[in-house]
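Reviewing the structure listed below.
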Amino acid sequence: MKNTHKTLTAAAVCLMMLALAAGCAALSQMSAKHQPLEERVKGYMQAQIEGRWEDAYGYLDAATRGNTSRDSYIHKTRKANYTGYEIAEVNILPSGDQAKVKVKLDISFMGYDMKGAPLMQNWVKEKGAWYVVPQPKEGAFAPGEKEK
């Protein structure tokens with residue numbers, strides 16, 4: 001009876017370790033899959049925070065760049081300033097070439113600071129790189145120029 005109990009315990013421990021190892025491997029693969037997208041999101045957000053609109057323009061998808069000239073994007077009037085961000089969630093769709101990214105923004109607008117305002121971004125993979133598909137920003141919360 002003691003040997004059977006020890007054998008069952010050992011088998012249960014081995015199965016748990018295998019399940020844990022498989023879970024860790026899957027997590028590692030998932031984070032490796034998300035890393036290029038997360039780096040692009042960081043670059044795009046940082047360009048907006050720093051007011052580097054020419055750099056931010058380079059993160060826009062081809063369709064948006066086709067409809068919006070670089071010059072008009074760079075010189076667009078912006079009402080709010082993004083002062084910080086956090087990537088809250090990354091979801092690459094099963095196709096592998098589309099993603100939804102939830103970003104929590106810190107926004108400065110008319111003397112008020114708002115922390116953690118949620119923004120969903122759509123991203124597409126074009127020629128192996130990720131590009132944002134901007135949603136029309138209406139009203140106060142379009143990113144803006146820093147006050148001087």
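- Within the structure, every pair that satisfies the side-chain hydrogen bond (donor to acceptor under 3.5 Å, both in side chains) test and touches residues 116-125, not counting sequence neighbours, is listed here: K100-N122, Q121-W123.
- The shortest heavy-atom contact between V133 and D61 is CA-OD1, 3.6 Å.
- Ring geometry for W53 against Y73 counts as perpendicular: the plane angle is over 60°, on a 0 to 90° scale with 30° as the lower cut.
- Taking the side chain as every heavy atom from C-beta outward, E39 and W130 never approach each other to under 4.5 Å.
- The structure places CD of E50 at 11.5 Å from CE of M45, a figure rounded to the nearest 0.5 Å.
- By the 4.5 Å heavy-atom criterion applied to side chains, Q46 and R52 are counted as neighbours.
- In this structure, L119 and Q135 have side chains that are not in contact, with every pair of non-hydrogen atoms separated by 4.5 Å or more.
- Formation of a donor-acceptor pair under 3.5 Å by the E126 side chain with backbone atoms of A62 is found in this model.
- Side-chain contact check for V132 versus L60: some heavy-atom pair is nearer than 4.5 Å.
- Residues passing the side-chain hydrogen bond (donor to acceptor under 3.5 Å, both in side chains) test with S69, sequence neighbours excluded: S72.
- Between Y82 and D106 there is no side-chain heavy-atom pair separated by less than 4.5 Å.
- For the atom pair CG of N81 and CG of L105, the computed distance is 12.0 Å after rounding to the nearest 0.5 Å.
- Here the side chain of Y57 pairs a donor or acceptor atom with the backbone of R65 at under 3.5 angstrom.
- Summarising the geometry, atom CG belonging to D55 is positioned 11.5 Å from atom CD belonging to Q48; distances are rounded to the nearest 0.5 Å.
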